[in-house]
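Report on the following structure.
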Amino acid sequence: MMMQALPSGHGTPRCGLFAGAALLLAALPSGVWAQGGGGSPSFPLACAFIDRGGELQNADYCGAETAEGMVVAPAVSGALGYRGGLASFAVTGRGWYYRRRDGVTREMVTFDNGPDEFVEGLARAKVDGKLAYVDRRLRIRVRTRYDWGDRFANGRAAVCVGCVATMVDGGEHRMMTGGRWGVIDRRGREVVAVNRSERPSGTE
């Protein structure tokens with residue numbers, strides 16, 4: 001069973017930093033791939049994950065949130081499919097994560113019904129409630145104070161503070177509106193100050 005992908009658009013802010021994941025995960029059926037029969041108090045969070053065959057699976061007792069991050073149950077971690085050294089899974093009520101083979105996980109921005117993809121070597125993550133950009137080892141390369149940001153394109157990304165997700169296209173997509181906008185480079189420096197009421201031209 002696979003998720004239906006929503007139409008994408010690199011330059012259009014279709015999905016907010018925290019918006020979209022709850023809607024996606026609420027629609028996932030539970031109990032499709034429950035392990036242990038009686039449940040697991042050690043891993044109380046349900047999740048969906050991509051298995052070794054590229055199929056979407058669901059597990060009732062999948063994850064646990066710890067001080068070190070999201071931990072996946074051994075039965076699930078053994079079934080995860082890795083691509084480019086990373087596996088992906090979505091925790092109900094949280095969002096999408098990437099996981100390295102050594103167990104390190106990172107909560108990612110949800111984009112097109114999955115974790116954000118890597119563009120110019122970086123993907124968008126959530127760190128302490130704010131936007132960050134991580135590399136393929138899930139190391140933080142750009143930590144920011146912003147609430148949302150684009151993927152990088154030619155070394156630049158539009159970012160915003162105080163923007164909110166607004167439903168568009170009859171509720172199929174969410175677009176970031178309001179707040180203050182600017183542009184950063186790959187070092188996190190503001191090349192256009194974040195004080196504009198609209199998205200800077202040329203960053204769509």
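Note: hydrogens, waters and symmetry copies are ignored here, and every other heavy atom, side chains too, is used.
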Has T144 got a side-chain atom pairing as donor or acceptor with L131's backbone, closer than 3.5 angstrom? yes
With sequence neighbours left out, the residues meeting salt bridge (Lys or Arg N to Asp or Glu O under 4.0 Å) with R143 are D128
Sorted by chain and residue number, the salt bridge (Lys or Arg N to Asp or Glu O under 4.0 Å) partners of R100 (sequence neighbours excluded) come out as D102
Pairwise distance [atom1]([X]) to [atom2]([Y]) - rounded to 0.5 angstrom:
X    : Y    : atom1 : atom2 : answer
R141 : R136 : CZ    : CZ    : 13.0 Å
M70  : C62  : CE    : SG    : 8.5 Å
K126 : M108 : NZ    : CE    : 10.0 Å
L45  : F89  : CG    : CZ    : 10.0 Å

Sorted by chain and number, sequence neighbours left out, side-chain contact (heavy atoms from CB on, under 4.5 Å) with R186 holds for E120, L122, F152
Contacts of E190 meeting side-chain contact (heavy atoms from CB on, under 4.5 Å) (sequence neighbours excluded), chain-then-number -> R145, Y146, I184, A193, V194
Given the side-chain rings of Y61 and F43, with only the six-membered ring counted for Trp, is the space between their centroids under 6.0 Å? no
Sequence neighbours excluded, which residues qualify as side chain to side chain donor-acceptor pair (under 3.5 Å) partners of [X]?
X    : answer
D185 : R189
R99  : Y82
R137 : none
R139 : D135

Enumerate donor-acceptor pairs with a distance under 3.5 Å from any side-chain N or O in residues 47-54 to protein atoms, sequence neighbours excluded.
residue	atom	partner	partner atom	Å
D51	OD1	G53	N	2.9
D51	OD1	G54	N	3.0
D51	OD1	E55	N	2.8
D51	OD2	Q57	NE2	3.0
R52	NE	G78	O	3.4
R52	NH2	G78	O	2.6

Residue pairs meeting salt bridge (charged side-chain N to carboxylate O under 4.0 Å, His left out), one or both in residues 62-80, sequence neighbours left out, come to E65-R94
Distance under 6.0 Å and angle within 45° of ring axis: R124 vs F118
no
Flag this pair as yes if the NZ/CZ of R106 is under 6.0 angstrom from the six-membered ring centre of Y97 and inside a 45 degree cone about the axis; otherwise no. no
In short, disulfide bond (SG atoms under 2.5 Å apart) pairs touching residues 117-160 with sequence neighbours left out are C160-C163
